[in-house]
Protein chains: 2
Amino acid sequence: MELSDNTIERICKVFGHLALLEKKGVEFVSSKELAEQIGTTEYTVRKDISLLGGPGYTRKGYEVSSFKRELGQKFQLTKSRKACIVGLGRLGTALLDYENFQEDGFEIVAGFDCSVNKIERIRTNIDVFPVSRLQEITQARSIELGIIAVPAESAQEIADELTKAGVKGILNFSPVKVNVPARIVHLDMDFTNALRFIAARFVMQNK
Amino acid sequence: MELSDNTIERICKVFGHLALLEKKGVEFVSSKELAEQIGTTEYTVRKDISLLGGPGYTRKGYEVSSFKRELGQKFQLTKSRKACIVGLGRLGTALLDYENFQEDGFEIVAGFDCSVNKIERIRTNIDVFPVSRLQEITQARSIELGIIAVPAESAQEIADELTKAGVKGILNFSPVKVNVPARIVHLDMDFTNALRFIAARFVMQNK
DNA sequence: TATATTCTGTGAATAAATTCACCAATTCTT
DNA sequence: AAGAATTGGTGAATTTATTCACAGAATATA
Ligand SMILES: NC(=O)c1ccc[n+]([C@@H]2O[C@H](COP(=O)([O-])OP(=O)(O)OC[C@H]3O[C@@H](n4cnc5c(N)ncnc54)[C@H](O)[C@@H]3O)[C@@H](O)[C@H]2O)c1
Ligand SMILES: NC(=O)c1ccc[n+]([C@@H]2O[C@H](COP(=O)([O-])OP(=O)(O)OC[C@H]3O[C@@H](n4cnc5c(N)ncnc54)[C@H](O)[C@@H]3O)[C@@H](O)[C@H]2O)c1
């Protein structure tokens with residue numbers, strides 16, 4: 001059965017929240033609480049979950065650990081996935097050193113940049129390479145996800161490289177939309193547009 | 001008339017693309033091209049634009065400069081808006097020095113952190129302050145937007161501070177949803193969840 | 001034990017978003 | 001000048017998403 005992107009996104013948020021609850025030792029959680037935490041309604045949460053057939057218990061809600069395990073299995077969110085970062089400027093290096101990715105099942109196993117200077121100067125535990133070795137390293141290390149943190153004008157070029165290298169997904173932080181074949185899942189995260197949206201939304205709301 | 005969030009978000013993207021085209025000196029752009037650039041269909045673009053009453057010209061499309069001006073006016077995207085960043089760690093400092101915000105009409109006028117050490121060590125042109133002065137500075141400098149880049153456990157606390165300080169919008173980079181009154185527009189940008197979504201989406205797509 | 005409460009699951013109803021179909025206007029081509 | 005092609009605008013149709021309503025089940029309460 002076909003899940004919508006909205007549903008998948010919400011389920012991912014649910015998964016994240018379940019992980020938190022599990023750490024805290026909480027045993028059960030209701031659709032109402034999940035809804036509050038992920039910013040939607042209890043109806044939507046229940047509908048989403050019902051599409052997956054997850055079992056909830058009357059007057060208790062969903063069992064945190066087993067439900068998390070089930071989601072992890074269904075969406076393969078438990079196996080650790082390897083990722084690389086292309087563009088090691090201010091944003092790229094911040095991402096490189098963000099150790100929380102690890103515990104959420106994303107392992108940054110390589111960084112790439114076109115500037116050899118930069119590569120030599122970077123202090124990090126992650127291996128960094130010239131971008132000319134992107135294909136080689138991506139394949140050798142079974143990297144599944146590519147994170148783009150190069151300037152806008154190089155973003156499409158890097159998206160193409162990553163595509164050729166065979167990644168399954170791309171997260172793009174540059175402020176231009178990248179085009180990749182439909183088999184590759186990609187998401188553009190444009191901070192400037194986020195600020196614009198907030199501003200525009202505020203203006204509309206108040207007139 | 002009421003515009004949906006989807007429409008507002010798309011219009012913001014259109015605005016961004018118009019700015020690009022204007023810089024390049026392009027005079028007209030069709031709904032089809034806009035659609036390609038922002039990742040939607042020409043129908044949706046035309047429908048969105050028709051809600052705003054923007055004039056398009058037969059066999060030419062929309063006039064880049066005047067349409068951009070019109071959108072800028074309607075959504076007040078031309079006036080420069082002041083923003084601050086709270087949490088000057090790896091991500092916060094990357095954002096602090098991102099000079100492109102400026103040319104898109106967002107001016108970072110202050111940074112805050114709880115660590116006095118950090119504040120003293122930071123090298124940047126932007127003024128940085130201890131977080132205890134958040135309210136004071138935000139009001140003194142008419143800051144409208146708050147960007148949260150503190151660890152998850154402090155995010156809600158900072159959201160509350162920003163709310164009290166009277167900001168109009170909040171962009172939250174921590175991986176927890178923050179709760180603020182409905183009058184304040186806010187957006188959570190959770191990178192980890194973005195990676196999860198990409199992974200989950202890929203799994204679903206291939207079964 | 002009986003009754004009230006609270007929770008899920010899900011079909012039906014409603015609402016929202018997208019897509020389509022096609023007219024009108026303009027430009028291009030021959 | 002005639003006809004073909006391209007483009008926007010928009011009401012209608014369709015599809016998708018959300019919300020509601022309520023049955024069924026377990027638990028709590030009296
Ligand atoms: N810094 C931020 O806070 C911020 C905010 C919003 C958006 N962004 C976007 O994120 C991206 C990165 O921003 P940044 O501030 O880190 O930029 P930056 O200029 O600090 O770093 C870019 C890095 O990419 C490298 N690079 C350039 N072309 C390359 C190529 N073809 N292959 C490999 N590496 C290449 C450069 O050597 C540099 O190290 C940009 O697209 C920017 O618009 C950044
Ligand atoms: N670094 C990344 O690439 C990355 C990726 C995904 C998400 N994030 C999220 O962004 C946020 C910041 O990440 P980071 O890597 O920059 O963290 P960091 O630890 O490098 O920096 C956090 C900063 O916040 C300051 N701080 C802590 N509590 C504060 C408070 N109450 N008031 C003011 N300042 C306070 C700290 O002094 C520190 O300077 C986190 O929520 C993180 O989960 C970061």
Side-chain angles (χ1 to χ4, degrees), chain A residues 1-15 17-18 21 26-68 70-71 74 182 197 200-201 204-205, chain B residues 1-15 17-18 21 26-68 70-71 74 182 197 200-201 204-205:
Chain A
M1 184 228 345
E2 210 51 16
L3 300 182
S4 73
D5 280 1
N6 283 358
T7 291
I8 295 176
E9 200 189 337
R10 284 190 299 256
I11 292 285
C12 286
K13 286 185 189 165
V14 165
F15 182 86
H17 193 64
L18 289 173
L21 292 172
V26 176
E27 278 196 89
F28 290 92
V29 64
S30 68
S31 55
K32 199 163 163 223
E33 193 198 320
L34 285 173
E36 270 163 27
Q37 293 302 324
I38 71 167
T40 182
T41 68
E42 53 176 318
Y43 315 118
T44 301
V45 167
R46 289 210 295 275
K47 183 67 88 182
D48 284 344
I49 293 176
S50 84
L51 298 172
L52 307 171
Y57 302 99
T58 298
R59 265 191 83 109
K60 285 184 172 168
Y62 303 92
E63 216 250 305
V64 173
S65 296
S66 64
F67 186 32
K68 168 165 174 280
E70 191 202 328
L71 289 183
K74 193 155 290 183
F197 171 80
R201 179 73 158 61
M204 289 323 278
Q205 186 168 299
Chain B
M1 184 227 345
E2 209 51 15
L3 300 182
S4 73
D5 280 1
N6 283 358
T7 292
I8 295 176
E9 200 189 335
R10 284 190 299 257
I11 292 286
C12 286
K13 286 186 190 166
V14 165
F15 182 86
H17 193 62
L18 288 174
L21 292 173
V26 176
E27 276 196 274
F28 289 92
V29 63
S30 68
S31 55
K32 201 163 163 224
E33 194 197 319
L34 285 173
E36 269 163 28
Q37 291 303 325
I38 71 167
T40 184
T41 67
E42 53 176 316
Y43 314 118
T44 301
V45 167
R46 289 210 296 274
K47 183 67 86 180
D48 284 344
I49 292 176
S50 84
L51 297 172
L52 307 172
Y57 302 99
T58 297
R59 266 192 82 108
K60 285 184 171 169
Y62 304 93
E63 216 249 306
V64 173
S65 296
S66 65
F67 187 32
K68 169 165 173 283
E70 190 202 327
L71 289 183
K74 193 156 292 185
F197 171 81
R201 180 72 159 60
M204 290 323 278
Q205 186 167 300

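Since this is a predicted model, take the numbers as computed values, not measurements. Note on naming: letters A, B, ... go to the chains in the order of the sequence lines (proteins, then strands), and numbering restarts at 1 for each one.
- Taking atom CZ on Phe28(B) and atom P on dG8(D), their separation rounds to 11 Å, with Å as the unit.
- Between the side chain of Lys47(B) and the base of dG8(D) there is no donor-acceptor pair of N/O atoms closer than 3.5 Å.
- For the segment residues 32-42 of chain B, residues with any heavy atom less than 4.0 angstrom from an atom of DNA chain C are, sorted by number, Thr41(B).
- The shortest distance between the side-chain N/O atoms of Thr58(B) and the OP1/OP2 oxygens of dG8(D) is not below 4.0 Å.
- Distance CG (Asp48(B)) to P (dT19(C)): 11 Å, rounded to an integer number of Å.
- An OP1 or OP2 oxygen of dA17(C) is reached within less than 4.0 angstrom by no side-chain nitrogen or oxygen of Asn6(A).
- Here the P atom of nucleotide dA23(D) and the OH atom of Tyr43(A) are 16 Å apart, to the nearest Å.
- Distance, Asp5(B) CG to dT18(C) P: 12 Å, rounded to whole Å.
- Here Thr7(B) lies out of heavy-atom contact (under 4.0 Å) with every strand.
- Only Arg59(B), Lys60(B), Gly61(B), Tyr62(B), listed by number, bring a heavy atom of residues 59-68 of chain B to less than 4.0 angstrom from any atom of DNA chain D.
- Taking atom CG on Leu51(B) and atom P on dA16(C), their separation rounds to 14 Å, with Å as the unit.
- When the C1' atom of dT16(D) is taken as reference, atom CZ of Arg10(A) falls 12 Å away, rounded to whole Å.
- Remark: P of dG8(D) and CZ of Arg46(B) are 6 Å apart, rounded to the nearest angstrom.
- Distance check, rounded to the nearest 0.5 Å: CD1 of Ile8(A) to NZ of Lys13(A) gives 13.5 Å.
- If you take CG of Leu3(B) and C1' of dA17(C), they are 14 Å apart, rounded to a whole angstrom.
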